[in-house]
Amino acid sequence: MDFLSLPGMSEYIETTRLLYRHGWAEGSGGNISMVLDGVPEDAPVKAVFPLSPDTPAPEGLSLVITRSGSYMKSIAADPEADLCVLRIRGGGAELLWGLKKGGRPSSELSSHLLGHEARLAADPKHRVLMHTHATHLTAMTAVHPLDERSFTRTLWQQCSECMIFFPDGAGVLPWMPCGTDMIGRATAEKLREFRMVIWAQHGVFGAGSSPFEALGLIEIADKAAELYLLTAQLCVINSIPDEGLRRLAEVYGVTPREGWLDI
Ligand code: 2HA
Ligand code: ZN
């Protein structure tokens, strides 16, 4: 079985490179997982990673995820060492491919598993979850109230694309330790409602039906956060008013999150 030829794999690998080029994947920062279609039922199991009983994982789900400690800058050079294909079965994660030099799946595996379950319940086309240290969004969490309505409204007001691409807004979580079931569960709760969840003083989780869609969502939000930071100390005299945001939503046939526009 050639796992690298599964649908979405080449786009997934290209995305790892782009995250590094964006400057959002310093050191071993970030992780990506993608639900896989087309993994044979009888693919041999090479190892099993036990899952915490507190992480009820979607039974039978197959996914590819980055290795814990892998560097986005070098995944493309040797995907079979830095990625793994897992199948969730009987409370464990069966290794079907990858980790050829050893290691474990990403420390955020529980966030990804719970998150996929949440997103698949909301949208059957969902496939990808991406965690990355988007610089401007993370910086914005230091200087902007974390209330998610107000945080989203500030992003929407910066540039037209935000309302078009995330009319559903962004969830925001206060800082908490990463790599824990606690942040995994909190993220999954947010992902039931949002395709993007910002982790204060850390980074962001984005969801999509493909790697490029999830990446694009984060790119647009991070651009808006950059515009906000560039102008936050200046005397801002123009931004998109709520009437304009409402009009954008009408033109593009999207529905702003209920109650998040003042008109
Ligand atoms: O994978 O970014 O949050 C490394 C991290 C943990
Ligand atoms: Zn991180």
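Below, all heavy atoms of this structure are taken into account, side chains as well, without hydrogens, waters or symmetry copies. We count ligands from 1, going down the list as the structure has it; atoms in each ligand are counted the same way.
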*Atoms of ligand 1 less than 4.0 Å from Ser28 heavy atoms?*
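Going through ligand 1 atom by atom, the ones under 4.0 Å from Ser28 are 1 (O), 4 (C).
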*For His202, atoms of ligand 1 separated by under 4.0 Å from a heavy atom*: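 Listed by number with element: 2 (O), 3 (O).
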Show which side-chain atoms of residues 166-179 pair as donor or acceptor with protein atoms under 3.5 Å away, not counting sequence neighbours.
from, atom 1, to, atom 2, distance (Å)
Asp168, OD1, Arg195, NH2, 2.8
Asp168, OD2, Arg195, NE, 2.8
Asp168, OD2, Arg195, NH2, 3.4

So, are [X] and [Y] salt-bridged, with charged N and O less than 4.0 Å apart?
{"X": "Glu243", "Y": "Arg246", "value": "no"}
{"X": "Glu108", "Y": "Arg67", "value": "no"}
{"X": "Lys223", "Y": "Glu226", "value": "no"}
{"X": "Glu193", "Y": "Arg257", "value": "yes"}

*If you check every N/O/S atom of His133, which is the one nearest the Zn ion (ligand 2)?*
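Checking each N, O and S atom of His133, the shortest distance to the Zn ion (ligand 2) belongs to NE2.
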*What is the closest protein heavy atom to atom 6 (C) of ligand 1, and at what distance does it sit?*
Glu108 OE2, 3.3 Å
_Closest approach of any protein heavy atom to atom 1 (O) of ligand 1, naming residue and atom_ = Asn31 ND2, 2.8 Å
_Between ligand 1 and Gly29, can you find any atom pair, the residue atom being a heavy atom, that is separated by under 4.0 Å?_
yes
*Is it true that Ser106 lies under 4.0 Å from ligand 1, counting heavy atoms only?*
no
*Does any donor atom in the side chain of Trp199 or Thr187 lie under 3.5 Å from an acceptor atom in the other side chain?*
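Indeed, the side chains of Trp199 and Thr187 share at least one donor-acceptor pair under 3.5 Å.
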_Partners passing side chain to side chain contact (heavy atoms under 4.5 Å, CB included) against Ser160 (at least two apart in sequence or in another chain)_ =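 With neighbours one apart ignored, the set is Ile240, Leu248.
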*Quick check: does Gly30 get an N/O under 3.5 Å from an N/O on ligand 1?*
yes
*Closer than 2.8 Å to the Zn ion (ligand 2), do we get an N, O or S atom from His131, backbone or side chain?*
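An N, O or S atom of His131 is closer than 2.8 Å to the Zn ion (ligand 2), so yes.
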